[in-house]
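Step one of this worksheet: look at the structure below.
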Amino acid sequence: MVVTQYSAGPVLECAGRRLDLSRPVVMGIINVTPDSFSDGATLYRGSNLDIERAMTRAREMVASGAAILDIGGESTRPGASPVSVNEEMDRVLPLVARIAAELETVISVDTSTPVLMREAANAGAGLLNDVRALTREGALEAAAAANVPICLMHMQGEPGSMQVAPHYDDVVEDVCEYLQSRIASCERQGIARNRLLLDPGFGFGKSVTHNLKLLRELPRLAAIGLPLVVSLSRKSLIGKLLGREVGQRLPASLALAVLAAQRGAAVIRTHDVAATVDAVSMLMALEECVDL
Ligand code: 8Y7
């Protein structure tokens, strides 16, 4: 049985830091939100103590093999309260600056906010991760000016209501078409195609079946020809399939990470860096055993 679709990807330039996607890499999630659902997060209000805690986590993730850290200051969890632009900036920017000064890793900023895209790039961010795929007013312009790689994610609806009744004619086809149309918008804005990464947005306006179809058919998204980011870490489809609470979802998250890497994911976004690096390393050992 041959299921492996793994194929070597490019090397991206992320604000002077190299992101080598010739093998799958792990992106560690650092949420700087008071309401993050799965970090065990301690209230984060941007105090010095909070930054020190986040830095401890950042150092651990890098030591465990994270190639990228994804810093997010706006929770996109269903029902999360919206944050003001100033609050999002105050949470994210000091941490980006600290990580840029202290660690060699690529810094990703999870935001849909144009002014933060510009400021984050100035503070040392090397990648922008937008769950709204640069659809907010001014986001295409801000991302073009930031001059760093960008992850375009698919979402149906808005976080508050996206899980109510997600509907697709053909989920894989619809997600492909949406991402292709966002690539075209980027190109019209002067953002070169080779600066883009794509993400099907697991859990963002998708039923369990939609998520499973997207994972099974990930090679169809990979065929667009851009690196794929996949994040299934602790997500609710695991809860729905297995009846597990958030704290009990690591084994299933690891299985999904390996299945995604096997089907062509270039970047695995996760809360659990060390375990995910080990799991994905087993896939790579298998891929490369002919050379040993
Ligand atoms: C994703 C994401 C979230 C994802 C990308 C969570 C910010 C919810 N999910 N970004 N962000 N892909 N690219 O569970 O699936 O982490 S927030």
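The first residue of the sequence shown is numbered 1, and numbering continues consecutively from there. When a ligand or atom number is given, it counts from 1 through the structure's own listing order.
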Quiz item: Which atoms of ligand 1 have any heavy atom of Val131 under 4.0 Å away?
Solution: 2 (C), 7 (C), 10 (N), 11 (N)
Practice problem: Count the heavy atoms belonging to other residues, nucleotides or ligands that lie under 6.0 Å from CZ of Arg136, then report whether that count exceeds 12. | Solution: yes
Exercise. Inspect the surroundings of CZ in Arg216 and state if more than 12 heavy atoms from other residues, nucleotides or ligands are less than 6.0 Å away.
Key: no
Quiz item: Parallel, tilted or perpendicular: which fits the ring planes of His154 and Tyr168, with parallel below 30° and perpendicular above 60°?
Solution: tilted
Quiz item: Which of these, His271, Met155, Met153, Arg269, has its nearest heavy atom closest to atom 3 (C) of ligand 1?
Solution: Arg269
Quiz item: Applying a 4.0 Å heavy-atom criterion (strictly less than), which segment of Lys235 is in contact with ligand 1: side chain, backbone, both, or neither?
Solution: side chain
Exercise. For ligand 1, indicate whether the residue Leu232 contacts it via side chain, backbone, both or neither (heavy-atom separation under 4.0 Å).
Key: neither
Quiz item: Taking atom CD of Glu119 and atom OG1 of Thr113, what is their separation to the nearest 0.5 Å?
Solution: 12.0 Å
Quiz prompt | Inter-residue atom distance Arg57.CZ - Leu69.CG, 0.5 Å rounding | solution = 10.0 Å
Exercise. Let me see the working for Val230 and Leu218 under side-chain contact (heavy atoms from CB on, under 4.5 Å), right down to the final yes or no.
Key: CA-CA 10 Å; Val230 165; Leu218 206 63; 3.9 Å; yes
Any N or O of [X] that comes nearer than 3.5 Å to an N or O of ligand 1?
| X | answer |
| --- | --- |
| Asp70 | no |
| Ser233 | no |
| Asp110 | no |

